[in-house]
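Below, read A as the first sequence line, B as the second, and so on, with proteins coming before strands; counting in each chain starts at 1. Computed over heavy atoms, backbone and side chain alike; hydrogens, waters and symmetry mates excluded.
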Amino acid sequence: MPAAVWASGVAGPVGRGALLVGVVAAAFGAIAAITAARESARGEVTRTARLVPRFVALSFLAALGAIVAMEWAMITRDFSLQYVQDHGSRSTPPLYNFTAVWSALEGSILLWILALALSAGLVAWRYRRRLDDQLITWAIAVICIVMVFFFILSFGPANPFAEGAPGVTDGPGPNPLLQNHILVLFHPPILYLGYVGFTVPFAFAIAALITGRVGEGWLLETRRWTLFAWGFLTVGIILGGWWSYEVLGWSGVWAWDPVENASLLPWLTGTAYIHSVLVQERRGMLRVWNLSLLLATFSLTILGTFLTRSGVLNSVHAFSESDIGTYLLVFFGIIVLVSLVLIGWRGDSLRSPGAIDSPVSREGAFLANNVLFSIFAFIVLLGTVFPLIIEALQDRQISVAEPFFDRLSIPIGIAMLALMCIAPVLPWRKASTELLRDRLFWPAWCGIGALVAGLVSGADGLAPLLAFALGGFSGGAALRQVALATRRQGWRGLVGRANGGMIVHVGVILIAVALSASNAYTRSQELRLSVGTPATFAGHTFELVGFREDKDDRSTAVKALVAVDGGQAYAPAITKFLNMGMNVGTPSVKTTWRYDIYLTLEPPVKMDSGEARIKVFVKPLIMWLWIGGGLMAIGTVLAAFPGRRRRRPTDPTSADVPTNVERVVT
Amino acid sequence: MKKLKGRFVWSMMAVLAAVLLAFGATRSSGPTTQEERIDAISKRLACPTCNGESIYVSRASAAESIRNEIARQVASGQRADDEIVAYIESRFPGSLLLPPGEGVDSLIWVLPVVALVCGFGGLVVVFRKWKREGDVEADSDDAGIVAAALRNYDDPTEGL
């Protein structure tokens, strides 16, 4: 086929060309933006500003071109490229062949660059009429500089378009774990949108420091960007948990693996920010602190990428490693240095007057929230890097894993739930105990109700019961706010930062309760089933109906058909991937709203023996994890919509002089 | 309504919650299967070949064989959980997932506590500071500013 002959080998040069164009366009974009910012700082009419969106658009096209070239190479099975030799194969099904592009480091960086160029494009388009504002042009310049770094990373040390050995006509395909669930199509891109999305608020924070804009104007611009990045990161993390549950076969959603921790760290500081920024919007306080949180969030995304992609920390997620570690570490160092220098230089002029009157107030609660989230982030960071420090100091290997994180995260989680009980009903400035007794009354009864419900269904143990009680209490407090707001304002009571935030809270609470229950009350048993002889465990019967073998040209799957409670047969499987010689177990799950029955087939499997070892997990409330995740996503979108018209944060804080006396009286 | 939400009902509620929690926390958790003991033990041990994953999580063959060893020990019923963990640790040094609180390793337990104390201690300090600043008395300069502002100010409610 002449078309295929022509197509083969074209992806490499096209991709490299696109990356080179990207480096140049992003660099020119940065230069143009800085020039424009300096011109407008001098009060000149800037002509350079018009060039900025063009360079940004060109960078976006370059990023798109690079990833399209990679997809083209993967789809046409262009084995002239090393990356396709390593991660492509003729037998990979189309969907997993498509996702194979981000199944390893070099391709993932292409996806990262695309997300980055997309955010740059959105920023340039959103503020296309305000390019004479130096805050905007500085922010775009920062994004462009970050983009230059990643384009260089991809063009140089993490080159996805490197030529492979000649004469290779087939490859092993992506890691088997990355080709047996549809979520591999959604989890990485959505997570990357979250990670990369934090570049925009970071850029605005740096721009605010450079321009010395002490006002709250830049916050208006960043709050919503942060919210979207945070929403994507949240959804990405939850999809990751879902993927782990559906694929890995140990029936869990979270293992405190370094890569998981690396995604949790910016999530924690980002969550702290979207709370404390409200104090700044309302009271004009905590400016330096909020800036620092944004700078920390972005730095942590880079540090996390360094820790997990350079090979210093090992992890099941680190599907490949390379020598980009030094680049990432230097970049991280530069970010931290620039941030510290800028804060040191501008910090004092940003500092705001004013005081928070009482710890028992909305702003006091936000501060307590920030302390909790910061400590949590510190613990996660400590646990992740501690083995590295010990190895560097004493040349000895230790593991810090689930038992450590469980022991510390449970009390912190419970403290956060307790804060979520009280914080939503607190007014700004100051609250009296009468007011709290009044507003918290019915939420507290919800807590008692949840506790009783837990006890009735057989729950024991202090930590999970506390989680149920506080979950009920905080859920009641959140729903109370939603109920009051919708009664006052109709459907508008569901949108806006506070109301949408309460929906997010309900989602978080569902997840907290579901995690406590499923961690504490999982029942498990290994059953040796023979065909025709049912076994009973935890009130359910399991009967081996037979086996099925599914073969295609990349794998052989052996499935044990197990009828649960005499009904539908579930089919946990072991799939042998022929190219890799690797066996991958695939669980099968019966889901109900109260519990999941999770079945795995244990090796070795002898089909003709008529026997199978089936491991059964009965896990309560798992479905509520996904429902909670969905509510968090919906709540984030609702919170991003402008709610009830309110004072713009840039307007003076003092109230208008009343012109209508009646209003004063009522 | 005032009475309903008064101190008395709240303290009753607190007592009720405490009683329920105490009852739930102390009641026996029912029988556990051998498999659940195996799971609990294998969650405390690292798989020797797979980068910090626990025996429980890992599907690697090394983890599989240690899991079988744990299963044998549990089935024989002669050792308690801690003894089995110690036995596996003696055969595969470094497989404990929970860092012991000795020497430099204890920092991993100390530092979070330090962070907690610093965090909330810092909060107390800033609130104290704000409280002091909040009590600033207006001096004669401030009074002058207010007077000047009032002179230039047309009260729209005047005459109402």
Side-chain angles (χ1 to χ4, degrees), chain A residues 248-250 252 255 257-258 314-316 355-357 359 364 367-368 371 374-375 378-379 382-383 386-387 390 393-394 397-404 407-408 437-438 441 444-445 447-448 451-452 454-455 458-462 465-466 469 523-526 537 585 603 615 657-659 661, chain B residues 1-2 4-7 9-10 13 16-17 20-21 23-30 33-36 38-39 43-44 46 50-54 56-59 64 71 94-99 104-105 107-108 111-112 115-116 119-120 122-123 126-127 129-131 133-134 155-157 160:
Chain A
L248 294 182
W250 59 280
D257 169 87
N314 292 313
S315 140
V316 276
I356 292 179
D357 315 66
L367 280 184
V371 170
S374 308
I375 290 174
F378 172 74
I379 288 172
L382 178 72
F386 197 71
I390 292 294
L393 290 180
Q394 302 192 332
Q397 301 220 328
I398 65 162
S399 330
V400 177
E402 203 174 340
F404 167 78
R407 199 171 278 191
L408 290 177
R437 277 213 303 269
D438 177 51
F441 190 74
W445 277 111
I448 301 270
L451 181 56
V452 170
L455 287 172
D460 58 13
L462 184 60
L465 283 174
L466 261 179
R523 304 291 319 272
S524 67
Q525 179 68 292
E526 191 181 290
F537 172 65
K615 187 154 182 189
V657 175
T659 49
V661 178
Chain B
M1 208 60 180
K2 202 104 210 166
L4 176 68
K5 298 179 180 179
R7 259 169 239 255
V9 180
W10 268 97
M13 195 155 41
L16 179 62
L20 288 173
L21 280 174
F23 164 71
T26 50
R27 74 171 166 181
S28 81
S29 51
T33 63
Q34 281 196 357
E35 193 66 24
E36 282 154 12
I38 299 170
D39 289 352
K43 276 179 190 173
R44 294 163 62 183
C50 29
N51 307 329
E53 273 187 295
S54 67
Y56 177 70
V57 170
S58 173
R59 303 284 121 183
E64 181 71 18
S95 59
L96 268 189
L97 276 179
L98 201 61
V104 193
D105 292 7
L107 276 181
I108 199 166
L111 289 178
L116 191 77
F120 282 96
L123 215 51
V126 290
F127 271 112
K129 189 182 128 225
W130 277 327
K131 187 142 191 140
E133 284 174 0
D155 188 354
T157 58
L160 284 172

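Pairing each heavy atom of B/Val104 with each of A/Phe386, the nearest pair is O-CZ, 3.7 Å. Of all non-hydrogen atoms in A/Trp445 and B/Leu16, the two that sit nearest each other are CZ3-CD2, 4.1 Å. Contact between B/Pro112 and A/Leu408 at its shortest, heavy atoms only, is CG-CD1, 3.8 Å. Annotation for A/Gly364 and B/Phe127: closest pair CA-CZ, 3.9 Å, computed over non-hydrogen atoms.
Side-chain atoms of B/Asp105 and A/Ile398, non-hydrogen and from C-beta on, do get closer than 4.5 Å to each other. B/Glu35 has its side chain within reach of A/Lys615: a pair of non-hydrogen atoms, C-beta onward, lies under 4.5 Å apart.
A salt bridge links A/Arg523 with B/Glu36: at least one charged nitrogen is closer than 4.0 Å to a carboxylate oxygen.
Both the backbone and the side chain of B/Phe120 have a heavy atom closer than 4.5 Å to some heavy atom of chain A. Residue A/Ile390 touches chain B through its side chain alone, counting heavy-atom pairs closer than 4.5 Å. Heavy-atom distances place no part of A/Ser374 under 4.5 Å from chain B, backbone and side chain included. Residue B/Tyr56 touches chain A through both its backbone and its side chain, counting heavy-atom pairs closer than 4.5 Å. With a threshold of 4.5 angstrom between heavy atoms, B/Ile108 approaches chain A through its backbone and through its side chain. With a 4.5 Å cut-off on non-hydrogen atoms, A/Phe378 touches chain B through its side chain but not through its backbone. Both the backbone and the side chain of A/Ala444 come within contact range of chain B, each with at least one heavy atom under 4.5 Å from a heavy atom of that chain.
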Verdict with supporting geometry, A/Leu248 and B/Val57, side-chain contact (heavy atoms from CB on, under 4.5 Å): CA-CA 8 Å; A/Leu248 294 182; B/Val57 170; 5.8 Å; no

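Between the side chain of B/Arg27 and the backbone N or O of A/Leu455 there is at least one donor-acceptor pair closer than 3.5 Å.
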